[in-house]
Amino acid sequence: MTAKLNIVPFISVDSMMKLVLAIGVERFLVELATYVEEDFRRWELFDKTPRVASHSQEGVIELMPTSDGRLYGFKYVNGHPKNTREGLQTVTAFGVLSDVGSGYPMLLTEMTILTALRTAATSAMAARVLAPDGADTMALIGNGAQSEFQAIAFKAIVGANKLRLYDIDPAASRRCAKNLEGMGFDITICGTGQEAVEGAEIITTVTADKQYATILTDNMVGTGVHINAVGGDCPGKTELHRDILLRSGIFVEYTPQTRIEGEIQQLDPDHPVTELWQVLAGAAPGRTDPRQITLFDSVGFAIEDFSALRYVRDQLKAFPFYEELDLLADPDEPRDLFGMLLREAAKQEAAMAIG
Ligand code: NAD
């Protein structure tokens with residue numbers, strides 16, 4: 001990678017796709033999950049703040065910053081459920097990783113694809129410690145942009161290779177099934193959510209609707225199931241009936257953020273929850289009883305993006321899929337920023353005189 005600090009590696013969407021394909025989607029997810037786990041285990045080191053969200057009628061635009069004292073990362077991300085009707089993505093994102101010592105950015109990257117990967121890697125990492133032993137069947141409700149990534153992560157990390165798909169739009173389920181063809185899944189497309197959860201030890205909900213939706217009602221969730229609730233991630237946007245939460249052991253990323261954005265916004269503010277990092281660090285139990293319902297109330301936290309940025313940066317030596325971006329002004333004398341502009345003006349004048 002470039003040694004010039006003013007030149008910042010930039011990973012475009014095209015480069016990210018090349019990077020993911022060169023590494024392999026499954027390997028990428030497995031390795032990324034180890035980075036997320038590593039960072040969750042050193043949770044207390046990080047600067048943590050609920051994301052900075054700007055809500056509108058149509059959706060939300062958010063900034064998600066964090067730092068471990070050595071590196072600093074942030075992601076810009078939106079969530080606009082109505083976008084797909086207009087041919088746009090519900091979620092798009094880009095992000096930056098910086099050196100805390102100089103404050104200089106070290107990486108600028110697309111994060112729409114990377115968000116889908118990090119969300120799936122985090123969900124599967126949580127399920128690895130919370131789902132019932134030997135779980136191999138997952139209901140996947142909501143078959144949009146995130147869905148295949150979730151499926152592949154759960155197969156690679158948890159071993160769940162039987163999928164039961166459901167979406168209110170049957171074309172979405174058909175597309176998801178087709179995209180996953182030949183990847184070692186046994187796939188059933190279901191006509192209702194109720195049909196999808198039958199026989200599933202893991203239920204992933206990853207629907208998009210800016211409202212209190214009820215994707216799962218209480219009677220749909222039997223004992224011993226692990227729920228990976230991904231789609232409820234905004235104030236006023238949830239997927240599970242409140243009664244399910246009251247029967248579940250609830251695991252969250254960062255409690256202050258999840259109280260605002262997660263399924264638990266439906267509960268009293270002091271309802272007990274366990275932060276996932278505590279389970280990974282051995283400070284709290286995960287699943288305590290085979291009949292327990294465990295719920296990972298995923299909203300997406302800045303440390304997961306930080307881990308993803310860190311992982312991607314570590315890959316660039318072996319997989320140099322990036323462009324060099326002239327992002328930072330670099331005058332010969334650091335305080336002579338205006339002089340740099342004057343020298344450029346002189347250069348342009350000279351070129352015009354020759355021309
Ligand atoms: P998407 O719009 O591409 O797909 C959503 C799918 O849900 C669509 O196919 C839609 O038809 C389906 N759907 C909507 N209502 C449904 C219902 N009642 N029953 C069944 N299916 C239904 O969106 P996406 O990018 O896949 O994201 C899905 C959700 O996940 C969004 O709400 C997004 O904000 C959230 N998300 C969360 C995280 C996180 O870290 N927790 C990360 C990324 C995205």
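Whatever order the structure lists ligands and atoms in, that order sets their numbers, starting from 1. On a predicted model such as this, the values are computed, not experimentally measured, just so you know. These numbers come from the heavy atoms of this one structure, side chains and all, not from hydrogens, waters or symmetry mates.
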- Item | Whether Asp233 lies under 4.0 Å from ligand 1, heavy atom | yes
- Note on the structure: One finds that the ligand 1 atoms under 4.0 Å from a non-hydrogen atom of Tyr166 are 19 (N), 20 (C)
- Atom indices of ligand 1 within 4.0 angstrom of Gly142 heavy atoms, with elements: 7 (O), 21 (N)
- Message: Run Phe74 and Phe306 through ring-ring contact (aromatic ring centres under 6.0 Å, His included) and show every step you take.
- Response: CA-CA 7 Å; Phe74 79 83; Phe306 177 94; over 10 Å; no
- Message: Students should be able to answer this: which protein heavy-atom is nearest to atom 4 (O) of ligand 1, and at what distance?
- Response: Gly144 CA, 3.2 Å
- Aromatic ring pairing Trp43/Trp277, orientation class (parallel under 30°, perpendicular over 60°, tilted between): parallel
- Item | Per-residue contact class, Ala145 against ligand 1 - non-hydrogen pairs under 4.0 Å | both
- Task: With Asn78 as reference, evaluate Thr90, Asn83, Leu88, Val60 under the side-chain contact (heavy atoms from CB on, under 4.5 Å) test and give the passing residue.
- Result: Asn83
- atom 10 (C) of ligand 1: nearest protein contact (heavy atom, Å): Asp167 OD1, 3.4 Å
- Message: Could you tell me, atom by atom, which parts of ligand 1 come under 4.0 Å of a heavy atom of Ile215?
- Response: 17 (C), 18 (N), 19 (N)
- Rounded distance (nearest 0.5 Å) linking atom CZ of Arg247 with atom CD of Gln292: 12.0 Å
- Query: Which ligand 1 atoms, with their elements, are less than 4.0 angstrom from a heavy-atom of Thr84?
  - Reply: 2 (O)
- Is it true that Phe94 and Tyr76 have ring centroids separated by less than 6.0 Å? yes
- Query: Are Asp209 and Lys237 close enough for a salt bridge, meaning some N to O gap below 4.0 Å?
  - Reply: no
- Identity and separation of the nearest protein heavy atom to atom 2 (O) of ligand 1: Thr90 OG1, 2.7 Å
- Item | For Val299, atoms of ligand 1 separated by under 4.0 Å from a heavy atom | 39 (C), 40 (O), 41 (N)
- Would you please indicate yes or no on a ring centroid separation below 6.0 angstrom for Phe251 and Phe296? no
- Item | Identity and distance of the protein heavy atom lying nearest atom 7 (O) of ligand 1 | Thr207 CA, 3.4 Å
- Task: Go through ligand 1 atom by atom and flag the ones less than 4.0 Å from a non-hydrogen atom of Ala172.
- Result: 9 (O)
- Message: Quick check: Gln146 and ligand 1, any N/O pair under 3.5 Å apart?
- Response: yes
- Message: Under a plain distance cut-off of 3.5 Å, with no hydrogens placed, do Glu261 and Gln257 share a side-chain donor-acceptor pair?
- Response: yes
- Cation-pi between Lys162 and Phe185: NZ/CZ under 6.0 Å from ring centre and within 45° of the ring axis? no
- Item | atom 28 (C) of ligand 1 [closest protein heavy-atom partner, distance rounded to 0.1 Å] | Val206 O, 3.4 Å
- Tell me, which protein residue and heavy-atom name are nearest atom 41 (N) of ligand 1, and how many Å apart are they? Ser298 OG, 2.9 Å
- Message: Walk me through whether Glu304 and Thr119 qualify under side-chain hydrogen bond (donor to acceptor under 3.5 Å, both in side chains).
- Response: CA-CA 8 Å; Glu304 295 147 34; Thr119 304; 5.7 Å; no
- For ligand 1, which atoms have a heavy atom of Thr119 less than 4.0 angstrom away? 38 (C), 39 (C), 40 (O), 42 (C), 43 (C)
- Task: Check if Arg118 has a non-hydrogen atom at a distance under 4.0 Å from any atom of ligand 1.
- Result: yes
- Query: Can you tell me which residue and heavy atom of the protein come closest to atom 15 (N) of ligand 1, and the distance to 0.1 Å?
  - Reply: Ile168 CD1, 3.5 Å
- Note on the structure: Short version for Lys237: what comes under 4.0 Å of ligand 1, heavy atoms counted, is side chain
- Does the side chain of Thr274 come under 3.5 Å of the side chain of Gln278 through a donor N or O and an acceptor N or O? no
- Glu261 contact mode with ligand 1 (heavy-atom cut-off under 4.0 Å): neither
- Describe, in one word, how the ring planes of Phe319 and Phe321 are oriented to each other, choosing from parallel (under 30°), tilted (30 to 60°) and perpendicular (over 60°). parallel
- Item | Ligand-side contact atoms (ligand 1) for residue partner Gly231, heavy atom cut-off under 4.0 Å | 29 (C), 30 (O), 32 (O), 35 (C)
